[in-house]
Protein chains: 2
Amino acid sequence: MNRKIRVIDTTLRDGMHAVSHQFTPEDMAEIAQKLDEAGVDTIEVGHGDGLGGSSFQYGFAAASDREYIKAVSSVLKGAKLDVLLIPGIGTIEDLEVAAKYGAKVVRVATHVTEADVGEQHIKYAKKIGMEAIGFLMMSHMADVNKIVEQAKLFESYGADAIYVTDSAGALTPAGVAERIRAVKQAVKVPVGHHAHNNLGLAIGNTLAAIEAGADIVDGTCKGLGAGAGNAQIEVLIAVLDKLGYETGVDLYKIMDVADDIVAPKMKRPQVIDKDSLSIGYAGAYGSFLLHARRAAQKFGIDARDILIEMGRRKTVGGQEDMIIDVAYELSRRK
Amino acid sequence: MNRKIRVIDTTLRDGMHAVSHQFTPEDMAEIAQKLDEAGVDTIEVGHGDGLGGSSFQYGFAAASDREYIKAVSSVLKGAKLDVLLIPGIGTIEDLEVAAKYGAKVVRVATHVTEADVGEQHIKYAKKIGMEAIGFLMMSHMADVNKIVEQAKLFESYGADAIYVTDSAGALTPAGVAERIRAVKQAVKVPVGHHAHNNLGLAIGNTLAAIEAGADIVDGTCKGLGAGAGNAQIEVLIAVLDKLGYETGVDLYKIMDVADDIVAPKMKRPQVIDKDSLSIGYAGAYGSFLLHARRAAQKFGIDARDILIEMGRRKTVGGQEDMIIDVAYELSRRK
């Protein structure tokens, strides 16, 4: 029998970044229904930054978490409804509301070294009967030992699965395989991988993850997502199908959702440009881009040099104020 | 010392497919000059189907082979000018003209099982002092033993390098690695890989090729090319740079050529749609697409089923007339 791979579609969550969080509940219901019919196992919905993301800081979505979840849960027949929760952006209360309106799965997303901030969220989700997945972001920033330690923390809180997430699209296949293999050996629960396409490797890395033992992988229709986007789900299904993996997803149907339903709702095609490529190359936060560009102009240097230096210093989201210092230093070195 | 990888840019040849062969000699000169300044080793130019391609059958280019080669050779300082020759489309006479106006390298492209039709072209190129590369197309259609046999044929004619080409974008990393490894062991000359992105694996496969021993790889700015396009060269350079390979190409400069010079000249962004994905999944000829769509409509079936069946039967370019038979059979089976 062919090996089974669980596929989570995150067009309606990570893809929201690419449409400035402006899918309507009606858009989401239409797309989710077709994804469900295509046989997708789990469908993630909401603001790009997850529960509570709709805000002045992260951009307002076209509707509330409750409205999206309600709209999508009302059309799903087989697929599970999933939400993302980044502690600090979303709260336990947000999760309670999400569960009430139909979310069955939550991915608790923390920086790769900070699983502990997700402890209470995982425990609460388990208490109210949800599936809870620990989601380690920016995993290129930590070595294998650190990632294993953090994965075990999530497992100790009761997580049903652990994700190794390449938020910046900065990993290559060997780096993904090494991380997945180590986590897979260290925990008893299923292991997932979430790829980004900044280095053109979203499909290649996802395949490497599966070959290294990953049980769950992510994708989005047309690759819709932040920056260079995610693994293009219809392409991923074609590749997995061709290689004999069992995903439960109908290839023609998922191709049709992507091209006929999602594509017309996109603001622009999902391609790799020098901005998103620089982020992947530097291994830096996507949110640094705008700040780096401004600082580059001010100091007469190349924004890419700033991003690379920020990546080298392993700076994380929230450290945007360091960009000016880095730009100043780089301009002095010239 | 880091391992050296030779990079051939084929934006101005394979990329011509994506602009209906309408780059002007001025466009080509502008792009080639920037590619040269960025440090690209070899630049391939001409009609998408190579020398002699400009015709009623393959589409007329905006200018003649001679005009393109003249325009580009006049601006190159370091890069070598390369042309593609598909025997049957291009002739020895075309090659003579190309050499006269500045082509230094020719890739003689044949179906993966037909290297023998390229014998005279390789020998002629060597006689007039050109570098001659044997280019085995549709390599997913042959097993490793067949490919090795054909590679050795090319080597016996005097080819300076042998390419394993994934014309349909139908291979996955393991399939590429297996083919490259075998050819690398069998011949003494350098081995190359030319990828297509139909399965989202152009970068992943190119990396697999290099890890399996490939010495030369291809790419195009923004991934410009037939169908889903080629390996996006600026992304490829970023990945190789990151992994410590030496390409001689300046990353920022190649990013700038792609985004600032080539992108504005594109007719549409290079993405993977269900047509190109179906070609990669089926391992079928890109030229079958239009015929399959017409036949599908006539017989009330799905064009993708026709492509998959054509791929299964290992049909090759020129067998378009089989499409009607296949469509008829499939419609009867329903």
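Side chains included, hydrogens not; waters and symmetry mates left out as well; all remaining heavy atoms used. Chain A is the first sequence line, chain B the second, and so forth, proteins listed ahead of strands; every chain is numbered from 1.
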If one checks every heavy atom of A:Asp259 against chain B at 4.5 Å, the contacting part turns out to be side chain

Can you tell which of A:Asp256, A:Leu251, A:Leu207 has the highest number of heavy-atom pairs within less than 4.5 Å of chain B? A:Asp256

Could you tell me if A:Asn230 and A:His194 have a donor-acceptor pair between their side chains, going purely by distance under 3.5 Å? yes

Residue pair B:Ser278 / B:Asp275, side-chain donor-acceptor N/O under 3.5 Å: no

Heavy-atom cut-off 4.5 Å, strictly under: side chain, backbone, both or neither for B:Gln232 against chain A? side chain

Show the nearest heavy-atom pair for residues B:Val144 and B:Ala182, with the distance to one decimal. CG1-CB, 3.2 Å

About how many Å separate OG1 of A:Thr206 and CG of B:Leu201, when rounded to the nearest 0.5 Å? 9.5 Å

Check whether B:Ala170 gets within reach of chain A through its side chain, its backbone, both or neither, counting any heavy atom under 4.5 Å. both

Given that the side chain runs from C-beta out, which part of B:Val271 has a heavy atom under 4.5 Å from chain A: side chain, backbone, both or neither? side chain

Segment of A:Asn197 engaging chain B (4.5 angstrom heavy-atom cut-off): neither

Looking at B:Asn198, B:Asp260, B:Thr172, B:Leu199, which makes the most heavy-atom pairs under 4.5 Å with chain A? B:Leu199

Taking side chain as everything from C-beta outward and backbone as N, CA, C, O, which of these in B:Leu236 sits under 4.5 Å from a heavy atom of chain A? Side chain, backbone, both or neither. neither

Checking B:Asp302 against chain A: side chain, backbone, both or neither under 4.5 Å from a heavy atom? side chain

Measuring from A:Asp166:CG to A:Arg179:CZ, what's the distance to the nearest 0.5 Å? 8.0 Å

Write down the atom of B:Leu171, the atom of B:Ser139, and the distance for their closest heavy-atom approach. CD1-OG, 3.8 Å

If we define contacts as heavy-atom pairs under 4.5 Å, which of B:Arg268, B:Gln270, B:Lys274 has the most with chain A? B:Lys274

Are the side chains of A:Ile180 and A:His193 in touch, meaning some heavy atoms are under 4.5 Å apart? yes

Nearest 0.5 Å, please: how far is OH in A:Tyr285 from CE in A:Met138? 4.5 Å

Contacting region of B:Glu211 [heavy-atom separation from chain A under 4.5 Å]: neither

For B:Ile254, is it the side chain, the backbone, both or neither that has a heavy atom under 4.5 Å from a heavy atom of chain A? neither

Is the Lys NZ or Arg CZ of B:Arg304 less than 6.0 Å from the centre of B:Tyr281's six-membered ring, within 45° of the axis? no

Side chain, backbone, both or neither: which part of A:Asn205 has a heavy atom under 4.5 Å from chain B? neither

